[in-house]
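Structure first, commentary second.
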2 protein chains.
Amino acid sequence: MPALLKTGELAHEAGVNVETIRFYERKGLLPEPPRRSSGHREYPRESVRRIRFIQRGKELGFTLHEIKGLLELRVDPETNCDAVRERALEKIADVKHKIADLRKIEKALRKLTDSCSGNGPKDDCPILVHLEKNL
Amino acid sequence: MPALLKTGELAHEAGVNVETIRFYERKGLLPEPPRRSSGHREYPRESVRRIRFIQRGKELGFTLHEIKGLLELRVDPETNCDAVRERALEKIADVKHKIADLRKIEKALRKLTDSCSGNGPKDDCPILVHLEKNL
DNA sequence: CTTGACTCCGTACCAAGGTACGGACGTTAT
DNA sequence: ATAACGTCCGTACCTTGGTACGGAGTCAAG
């Protein structure tokens, strides 16, 4: 268990692709690590946790941009719990909105499939008729 | 009310951008219309309905690729109502799946915000702790 | 017949979140 | 010391659904 990790080792331990590491660095989600004289990156073990933080944030529906914000909050000494909570509440509102949109779509689709026997020629298909009808 | 439409007129009547028309043509959603000798496109009025068909399909959550499939179904003389219904049912399943995923996310976020008083320093913030915790 | 508006085309660009490539080095095990 | 593998970098590519640009050509109204 080395104390310093090469890019590939970090990628492996965090369960992501090597290219993803460099991508996160470019996006400012992962700070630029020190380099050897050869230019090769040397990551502290902590970086593994940072990448996992990012992955968990993604699982919770945060974008990389938002995760960057959370990471910055985390470092800011002024941050209190409330600021973080605020972000999570916004994200909940966001998710609820998406769910509502999808439910509208589901309802509309169901209305169409319910009105469609499945038999009969396509000319009378309520679904196509709906898509074709003039507003 | 001209019988044949120029690209800009079609775009205007269908409520989309001129570039969108050309984009749909490239994607095979809009058949290539006849041209004048100058190369300018001349659309039949029917094209307005076709573009509206596409827009309504989008509202129902179909991708452009899927809409292309629906348009092809519509032309196929073998198509019966059932084939169209099938597509709609698949899309419903699709939408339900997305909703379920979002609900999981919502639940997880709510659990975190519920456990977070909003007071206290960030070091104890259950949300950050969750994001940081080792698996 | 001129002028301004429209159209043509290929191409580049945007968000988001990466993945892949290739040539030049660096590292490591044997 | 050499082979095999890792890493470096910039850049291109992928998806989806378009939008924007620029130079050249065309159309229609005055």
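Since the model is a prediction, treat every value here as computed from it, not as a measurement. Protein chains get the first letters and strands the later ones, always in sequence-line order, with residue 1 at the start of each.
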_Pair A:E106-B:K96, side-chain contact (heavy atoms from CB on, under 4.5 Å): steps then yes or no_ = CA-CA 7 Å; A:E106 191 195 347; B:K96 284 179 79 161; 3.5 Å; yes
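Checked for salt-bridge contact, B:D94 and B:K91 meet the test: a charged N lies under 4.0 Å from a carboxylate O. A salt bridge does not link B:R52 to A:E132: none of the charged nitrogens lies less than 4.0 Å from a carboxylate oxygen.
Of all nucleotides listed (C:dT7, C:dG18, C:dT28), C:dG18 comes nearest to the side chain of A:F23. Distance from the side chain of B:R36 is smallest to D:dA28 among D:dC9, D:dG17, D:dA28. The listed nucleotides are D:dG17, D:dG18, C:dT27; the one nearest the side chain of A:H40 is C:dT27. The listed nucleotides are D:dC8, D:dG6, C:dT7; the one nearest the side chain of A:T7 is D:dC8. When each of D:dG17, C:dT19, D:dC8 is scored by its nearest atom to the side-chain atoms of A:R41, the top-ranked nucleotide is D:dC8. Relative to the side chain of B:E19, the nucleotides D:dC8, C:dG26, D:dA20 differ in distance, and D:dA20 lies closest.
Projected onto DNA chain C by closest heavy-atom contact, B:V18 and A:V18 fall at different nucleotides, the more 5' of which corresponds to B:V18. Toward the 5' end of DNA chain D, the nearer of the two residues B:S37 and B:F62, judged by each one's closest nucleotide, is B:F62.
A cation-pi geometry, defined here as NZ or CZ lying under 6.0 Å from the six-membered ring centre and within 45° of its normal, holds between B:R74 and B:F53.
Listed pair B:K6 / C:dA5 fails the phosphate criterion, with no side-chain N or O lying under 4.0 Å from OP1 or OP2. For the OP1/OP2 pair of C:dT27 and a distance below 4.0 Å, the side-chain nitrogens and oxygens of A:S38 include at least one atom meeting the criterion.
Looking at B:T113, its side chain does come within 3.5 Å of a backbone N or O of B:L109 through a donor-acceptor pair.
Among the atoms of the strands shown, base atoms are found under 4.0 Å from some heavy atom of A:R22. Nucleic acid contact for A:K27: none, since no nucleic acid atom lies under 4.0 Å from a heavy atom of the residue.
Separating the OH atom of B:Y24 from the C1' atom of D:dT19 is a distance of 12 Å, rounded to the nearest angstrom. A:E25 places its CD atom 11 Å from the C1' atom of D:dC8, with the value rounded to the nearest Å. A:E66 places its CD atom 9 Å from the P atom of C:dG17, with the value rounded to the nearest Å. Taking atom CZ of A:R35 as the reference point, atom P of D:dC9 lies 4 Å away to the nearest angstrom. Between the CZ atom of A:R26 and the C1' atom of C:dA16 there is a distance of 13 Å, rounded to whole Å. Rounded to whole Å, atom P of C:dC14 lies 18 Å from atom CG of B:N17. One interatomic measurement links the two molecules: CG of B:L10 to P of C:dT7, which rounds to 10 Å at whole-angstrom precision. With rounding to whole Å, A:E9 atom CD is found 12 Å from C:dT28 atom C1'.
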